[in-house]
There are 2 protein chains.
Amino acid sequence: MRPNLAPEMKNMWNILSMIEKTSTGTTRAAIAKQLDLSRTTVSNIATQLMNMKLVEELESEVNGRGRPGIPLRLTDSEWFSLGASFHGGCWHFILTTLDGTIVQEHRESLAGDSVDLFIDSLLEGIACMLKTVPGKLIPLIGIGTPGLVNSDTGVIVRADDMGWKKVDVYTPVLERFSIAPFVLNRHRAAGLGEARFGSGKGVSSLIYIGIGNGISAAFINDGILLEGANFCAGEIGHMLIDPNGPLCGCGRYGCLQAYSSGLALIRILKERYSSLLAGEDPLPENVLWNAIENKTLNAELIVKEAIQGNDVAIECLEKISIQLGIAVSNLINTLNPQKIIIGGTLSNPGSLLTDLIRKEAERRAMRSPFSSVQIEQSYLGYKAGALGAATLPLRHKLELILPLTNGS
Amino acid sequence: MRPNLAPEMKNMWNILSMIEKTSTGTTRAAIAKQLDLSRTTVSNIATQLMNMKLVEELESEVNGRGRPGIPLRLTDSEWFSLGASFHGGCWHFILTTLDGTIVQEHRESLAGDSVDLFIDSLLEGIACMLKTVPGKLIPLIGIGTPGLVNSDTGVIVRADDMGWKKVDVYTPVLERFSIAPFVLNRHRAAGLGEARFGSGKGVSSLIYIGIGNGISAAFINDGILLEGANFCAGEIGHMLIDPNGPLCGCGRYGCLQAYSSGLALIRILKERYSSLLAGEDPLPENVLWNAIENKTLNAELIVKEAIQGNDVAIECLEKISIQLGIAVSNLINTLNPQKIIIGGTLSNPGSLLTDLIRKEAERRAMRSPFSSVQIEQSYLGYKAGALGAATLPLRHKLELILPLTNGS
DNA sequence: ATTATTTTGTTCATTAAGTTGACAAAATAA
DNA sequence: TTATTTTGTCAACTTAATGAACAAAATAAT
């Protein structure tokens with residue numbers, strides 16, 4: 001995650017970033033003005049980028065007085081970027097052009113949750129995607145996984161919700177495909193996706209919160225992910241909400257995750273069900289009670305029902321959004337972000353959870369930092385993770401392309 | 001706070017930073033090796049820096065084989081940097097050499113806490129310091145103040161513990177001395193001081209926590225302070241500890257500050273006193289009871305007594321360190337810092353509070369991020385603020401010096 | 001319709017910054 | 001005393017960026 005470009009490539013990088021930002025295209029003159037460079041310099045670097053087939057010219061558009069400029073945009077037929085991310089028990093794969101347009105999507109469902117299946121499906125999916133690349137692939141694959149990841153080694157240190165420890169993702173991928181993977185936490189990947197292509201575009205201080213079975217966040221400043229000393233930065237699931245709260249999987253009491261994750265949502269609903277069963281009144285008709293009895297209940301279903309107007313589901317969602325609101329207001333008070341994006345399995349079905357969290361956070365956050373923060377639902381939904389993972393190849397491995405293309 | 005140097009000054013900046021880090025001096029060859037530059041380049045830039053009187057040569061030290069290198073260090077007699085910070089009801093002023101050696105110190109006590117007195121004392125103190133500068137002053141003054149500061153405008157937006165709103169610090173200083181001030185929150189200034197000269201030297205992800213009447217933090221990554229959308233990042237005093245906790249000055253319940261600030265410490269001790277008074281037993285002898293009766297009690301005294309072994313004081317300190325430990329463990333879990341430094345009025349008298357916080361945090365934080373964090377007491381103590389403020393001139397306004405000296 | 005104006009992208013000479021290679025100076029090791 | 005190693009500097013060369021000049025392509029003015 002350290003953008004470690006040689007200093008002489010700095011202008012090239014900046015120019016590329018500017019081109020990246022406007023899908024309709026930017027002219028050389030506009031870039032020169034914005035980056036405070038001479039048109040000559042921009043022109044020279046632009047021809048280099050065009051020789052590398054990273055950038056191409058569009059039809060010149062006539063708008064004002066003077067000779068019309070020729071818009072430049074990222075090539076959409078030469079280079080491609082591959083990202084994978086694991087959500088809701090399956091691997092999502094996305095192949096994009098340089099500007100993030102999705103070219104190909106794929107999903108691999110897992111039959112169980114063993115480590116071997118996890119790795120095998122990943123390899124299977126990558127192999128499948130590699131066949132479809134209609135050009136050159138940037139020689140790096142972004143991979144979002146559950147748990148705490150050491151991105152230097154590409155090893156999942158621990159993934160509590162899966163019950164895993166020390167899962168090496170790096171070696172199998174490298175050995176099978178001779179392409180280095182960049183492995184990171186899936187919610188952090190999703191955060192990067194939102195920052196680049198979603199509702200975080202152009203936001204300088206951003207927090208993405210992924211709410212699924214676990215709860216994690218990504219702190220992103222100026223497009224750069226805060227990693228912390230061992231890549232654990234963002235693990236807000238174990239923020240303490242109430243010292244007297246319920247037992248969390250980590251062994252402590254009152255963690256956010258114990259109140260408000262997908263697992264907690266299911267627990268709350270089941271408690272409600274039991275107490276109704278124990279009561280005297282007849283059980284009112286409800287899809288969710290059937291789901292409990294059929295053992296088909298999952299957190300996403302509860303959220304979907306809530307969005308449909310199912311009162312019981314809404315109540316449960318309101319319950320978990322209290323602690324989420326507390327956590328969000330803590331983040332607002334202490335980190336003063338410009339925008340907070342709520343994503344993950346519990347947010348994707350609709351904006352209800354985000355609305356509830358916003359309402360709670362407004363009650364609890366300080367006025368000054370709250371007035372300057374926007375709280376929004378994830379825009380990319382379940383695609384955020386794989387898209388974010390796919391940003392890593394271009395974002396951090398431009399050096400890999402340059403020698404490859406410069407030499408030829 | 002945006003180090004916005006022209007790209008061509010990047011090497012100069014890096015070389016200066018390397019020289020800055022070693023007080024004993026670094027040779028040109030060592031710098032070249034470290035920064036991966038040619039010795040020629042370093043030599044050229046070094047002569048420029050020497051012409052600017054920012055750097056000077058020391059006696060060459062003979063250690064290994066080969067021609068001995070000539071150590072370079074920051075000049076200590078040409079340029080000086082002035083910082084001011086407001087703590088414990090008085091302004092602290094520090095004049096330093098470029099490498100942070102303190103040349104002159106001064107303190108201005110305030111007779112009250114009106115805004116006018118606050119500004120007048122600041123101007124008075126600066127005037128006094130300016131007389132003592134034994135060379136050229138970097139034309140920027142770093143100023144640490146209570147409250148939320150907009151560092152773009154130099155205005156204190158609000159300082160709740162002082163009861164102030166919209167205090168313009170920038171204009172009076174600029175008008176009187178024709179030197180632009182850089183204004184920031186005092187605890188953030190102290191954090192920068194620790195990061196540069198104190199126990200945060202060389203630490204890449206650092207959190208400084210200042211505990212006084214209020215509680216604030218500075219999040220510093222690679223020497224750069226996280227500011228947030230409106231410079232509020234670090235206001236951890238209003239982190240929610242317990243939704244059912246005591247009323248905080250901000251109108252909400254259970255904020256960290258309501259439990260654990262200096263004001264809370266005094267409240268806790270007084271409650272203890274009242275309950276003892278109400279009891280049947282005779283009041284045991286204690287300096288603190290006298291202080292309450294004489295109205296000379298302040299938070300620092302309680303801390304000092306605790307360090308002396310006063311049981312009542314220790315109990316009170318233990319009480320506030322529970323919530324501080326919760327807050328610290330939240331920061332560890334979510335931000336995964338390399339080091340946490342505890343400073344402020346309640347920490348300066350001794351390491352007791354830090355030790356108590358460390359113990360609490362160990363109980364509550366997750367093992368993985370806790371194992372990689374060091375929790376240490378502030379090294380610079382009450383000098384941290386003014387020293388940190390004094391780092392700003394050099395750190396962010398090198399551009400100001402360069403035109404001044406290049407021209408001549 | 002024609003000319004003037006504006007803006008773009010390119011060509012060419014120039015400048016600035018950094019690199020390589022050679023070399024004298026100053027230390028230790030043989 | 002000589003060989004080796006390391007440092008700092010000088011000269012020649014390379015590279016990236018700039019500014020000035022200019023043709024091309026649009027609109028505005030006459």
Side-chain angles (χ1 to χ4, degrees), chain A residues 5-19 22 24-52 55-73 398-399 402-403 406-407, chain B residues 5-19 22 24-52 55-73 398-399 402-403 406-407:
Chain A
L5 291 167
E8 66 267 16
M9 265 156 50
K10 201 186 150 189
N11 280 341
M12 183 178 282
W13 179 259
N14 285 340
I15 290 172
L16 202 60
S17 302
M18 261 210 75
I19 295 174
T22 54
T24 69
T26 327
T27 67
R28 295 168 175 79
I31 295 171
K33 194 175 278 176
Q34 173 92 38
L35 297 182
D36 204 28
L37 292 168
S38 69
R39 285 186 317 230
T40 316
T41 306
V42 177
S43 219
N44 288 336
I45 294 177
T47 45
Q48 286 178 57
L49 289 171
M50 286 169 65
N51 288 338
M52 293 177 208
V55 161
E56 62 191 4
E57 289 183 336
L58 290 176
E59 285 298 297
S60 52
E61 273 177 36
V62 188
N63 25 7
R65 188 138 113 156
R67 172 176 165 179
I70 306 164
L72 300 170
R73 49 161 288 160
L398 185 60
E399 317 99 276
L402 292 180
N406 262 343
Chain B
L5 290 166
E8 66 267 18
M9 264 156 51
K10 201 186 149 186
N11 280 341
M12 184 178 283
W13 180 261
N14 285 340
I15 290 172
L16 202 59
S17 302
M18 262 210 73
I19 295 173
T22 55
T24 69
T26 326
T27 68
R28 294 168 176 80
I31 295 171
K33 195 175 277 177
Q34 172 92 35
L35 297 182
D36 204 29
L37 291 168
S38 69
R39 280 178 315 199
T40 315
T41 306
V42 176
S43 218
N44 289 335
I45 294 177
T47 45
Q48 286 179 58
L49 289 171
M50 286 169 64
N51 287 338
M52 292 177 212
V55 162
E56 63 191 3
E57 290 183 336
L58 290 176
E59 285 298 297
S60 51
E61 273 177 37
V62 188
N63 25 7
R65 190 139 112 153
R67 172 176 164 180
I70 306 162
L72 300 171
R73 51 161 286 160
L398 185 59
E399 318 99 277
L402 291 180
N406 261 342

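Not measured: the values here are computed from a predicted model. Heavy-atom basis, side chains included; hydrogens, waters and symmetry copies ignored. Chain identifiers are assigned alphabetically (A, B, ...) following the order of the sequence lines, protein sequences preceding nucleic acid strands; residue numbering begins at 1 within each chain.
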Listed by chain and number, what are the side chain to side chain contact (heavy atoms under 4.5 Å, CB included) partners of [X], not counting sequence neighbours?
X	result
B/Ser38	B/Thr40, B/Thr41
B/Leu35	B/Asn14, B/Ile15, B/Met18, B/Ile31, B/Leu37
A/Arg39	A/Ala29, A/Ala32
A/Thr47	none

Under the side-chain hydrogen bond (donor to acceptor under 3.5 Å, both in side chains) rule, collect the residues that match up with [X], sequence neighbours excluded.
X	value
A/Ser17	none
A/Thr26	A/Thr22
B/Gln34	none

Problem - Of residues 27-42 of chain B, the positions that come close to DNA chain D - non-hydrogen atoms, cut-off under 4.0 Å - result: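 When residues 27-42 of chain B is checked for heavy atoms under 4.0 Å from DNA chain D, the hits, listed by number, are B/Thr27, B/Arg28, B/Ala29, B/Arg39, B/Thr40.
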Exercise for the section: Go through DNA chain C and write down every stem, that is, every run of at least three consecutive Watson-Crick or G-U wobble pairs with distances under 3.5 Å, as range with range. Expected result: C:1-30 with D:1-30
Fill in the blank from the handout: 5' to 3', nucleotides 23-30 of chain D under a 4.0 Å protein heavy-atom cut-off (B base, S sugar-phosphate only, - none) gives BBBBBS--
Fill in the blank from the handout: Scanning both residues in full, the closest heavy-atom pair of B/Met12 with B/Ile45 reads CA-CG2, 3.8 Å
Exercise for the section: Grab the two heavy atoms, one from B/Pro71 and one from B/Thr24, that are nearest each other, plus how far apart they are. Expected result: CB-O, 4.2 Å
Handout entry: Of A/Asn44 and B/Pro71, the one whose closest DNA chain D nucleotide lies more 5'
Key =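 Whichever sits nearer the 5' end wins; that is B/Pro71.
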Exercise for the section: Would you tell me if any nitrogen or oxygen in the side chain of B/Asn11 comes within less than 4.0 Å of OP1 or OP2 on C/dA17? Expected result: no
